[in-house]
Amino acid sequence: MAPLRGRYRCGRSGNKPRASSRGARTRRDRVVGARRSGIDSVSEPAFHLAEDPLVKERLDKARKLAARGVDPFGRRFDGAEAIAAVRARCPEDSAEGTVPPPARAAGRIMRLRDHGKVVFLDLADRTGTIQVYLRRDDIGAEAFEVVRLLDLGDHLGVEGAVKKTHKGEISIFAARVVFLGKALLPIPEKWHGLKDVELRYRHRYVDLFANPGVRDGFVRRAAILRDIRSYLEARGFLEVETPMMHAIAGGAAARPFVTHLHALDMPLFLRVAPELYLKRLLVGGLERVFELNRNFRNEGMSPRHNPEFTMLEVYQAYADYEEMMTLTEGLVADAAARHAGGLKIRYQGREIDFTPPFRRARYRELFAEAAGFALDDRARVEARAKELEVWEAAAPFEKVVNAVFETLVEPTLVQPTFVCDFPRALCPLAKARADDPEVAERFELIVSRMELANAFTELNDPVDQEARFRAQVASRDEEAPGEVDYDYVRALAHGMPPAGGLGVGIDRLVMLLTDAPSIKDVILFPFLRRQGAGEA
RNA sequence: GGGGGCGUAGCUCAGCGGAAGAGCAGUGGCCUUUUAAGCCAUUGGUCGAAGGUUCGAUUCCUUCCGCCCUCACCA
């Protein structure tokens, strides 16, 4: 899309120097070819929406404003109070005769009721909405002509007394109005808002101002992230940032996105996990670190999966997965208490109780309970896998076990449950239990059938780690790294303190705490397939 | 990738073989306390796209595009 800056012209012709018309042509050339034919005058800048009659109407109003000396796209407006604060200045019991203090506010016009020489409008800012009462005799005939050029969606600044109308509505009785910006496109229907889910995601900027509650959801998301940071900082953790672009995609079993660094002519991967870098920092002596940032996985999309998603990873030296369970409970329970109204929340009509301690159950036992036989009963596991149509001949036995587990057990786990002690073969970065070398000290926290967190006692034996990396690479699994990360092995060889590590899916946590059915509802701009070129 | 559903005006939605509709928004008019303001008049459509069946297709069929649900995938 062509840049907005400098597009608007108030006059038709005669005031354009040659250089400017050349500029206009350059901008126009960037506009989609099919649209060009519709514009025949160089002095009229191209605007790809200008064929829409509703847009034309509003462009015309913008010109009329400019002709009156009003900048249709406005300027800085100082001293505006939050509308919520303005409302608070009008006490419920304020007497009719009291002289209220003047207020100054700015916002977007969401409703407009025109009564001829009087106009009521509802002005919304980030904090709320307030009615503005505009009377021609109060603001003057000249300013009232500007009011007549207002549309729903425009931005406006107002100044005036705050008091109730005869009908009891707290209102700004405007003494002065300042035009702050034209909206060329109409706002959605006033009663139903923007309901089409595709448009809500594609045009989130509209969703945010048109649908009540959407903004609040994202404000809550920000508050949850802020509190997670302070929870961890209060316990001595240091927030760090590690590379998003990796030469070797390690730290999780996932297919990576591939990119390319031109300067060195080398392929790079967007990270699937920051894990290996964070553990290098444990070697470096930072001891307690966390990173709260994006991961990228080139895999399926669903109501619980976005190609880029936000992950919290935490590493604590001298701890183990038991310690990580306690930390997870604290983080999650604290977030629920502060941002979901209590430890017992409602998610999609079901109550979920985050009161610690969460249920702890062993993988092996959950499996036996659900399947009716032990997970090392090869014949029966394979038979059941075939029944469930999750059988893969090429897969190692533990993967088959896990496929059965995920089909039979995960869907039953609604209340927060730590599933503990996974088969070691599923956990190439985790340390085995001292009392059982076949089992890794690892847990997954399942809530509402979703994996919310994943943690283990970190493997810090460089010899064992290298062997496991080699086995992974040899498996040629497309989710395994393509090569061994020898630098990571080298880091371990310098001595990594025993440690617990934790990953928490932040989008999913926010889904639970804001009762959002889809991950797209908690990501401002979720990934959507692109539409045809030139589509608005 | 498989299965199911959806796509009609800027927005919210009807219509589903026989002349494309409503409400809101917009436009013109009346109205100096309305709040889903009201009243009168009125503009606006490649019915997602392309093919096919039919005398006739928004409607039935096929393919494609996009979204949602679901399964698979996601240690």
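Protein chains get the first letters and strands the later ones, always in sequence-line order, with residue 1 at the start of each.
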With a 3.5 Å cut-off and just heavy-atom distances, do the side chain of A:Asp122 and the base of B:rU35 make a donor-acceptor pair? no
B:rU35 base / A:Arg111 side chain donor-acceptor hit below 3.5 Å: no
Please determine whether a side-chain nitrogen or oxygen atom of A:Lys164 lies at a distance below 4.0 Å from atom OP1 or OP2 of B:rU33. no
When you get a sec, tell me which of B:rU33, B:rC74, B:rC31 is the closest nucleotide to the side chain of A:Lys117? B:rC31
Phosphate contact (B:rC11 OP1 or OP2) by A:Lys190 side-chain N/O below 4.0 Å: no
Side chain of A:Tyr133: nearest nucleotide among B:rC68, B:rU35, B:rU32? B:rU32
Counting just side-chain N and O atoms, does A:Lys167 come under 4.0 Å of either OP1 or OP2 of B:rA37? no
Per atom distances to the A:Arg442 side chain, the nearest of B:rG66, B:rA75, B:rU32 is B:rA75
Side-chain N,O (A:Arg202) to OP1/OP2 (B:rC67) below 4.0 Å: yes
If you go through the side-chain atoms of A:His192, does one of them form a donor-acceptor pair with the base of B:rC11 closer than 3.5 Å? no
Please tell me which of the listed nucleotides, B:rU12, B:rG26, B:rA25, lies nearest to the side chain of A:Glu57? B:rG26
Any stacking of A:His115 on B:rC31, going by centres under 5.5 angstrom and planes within less than 30 degrees? no
It should be established whether A:Arg113 places a side-chain nitrogen or oxygen under 4.0 Å from OP1 or OP2 of nucleotide B:rU34. no
Taking OP1 and OP2 of B:rC67, is either one under 4.0 Å from a side-chain nitrogen or oxygen of A:Arg529? yes
Report yes if at least one side-chain N or O of A:Lys195 is closer than 4.0 Å to OP1 or OP2 of B:rC11; otherwise report no. no
Proximal nucleotide (of B:rG26, B:rA36, B:rC31) relative to the A:Asp151 side chain: B:rG26
Has the side chain of A:Gln131 got a donor or acceptor atom sitting under 3.5 Å from an opposite partner on the base of B:rU34? yes
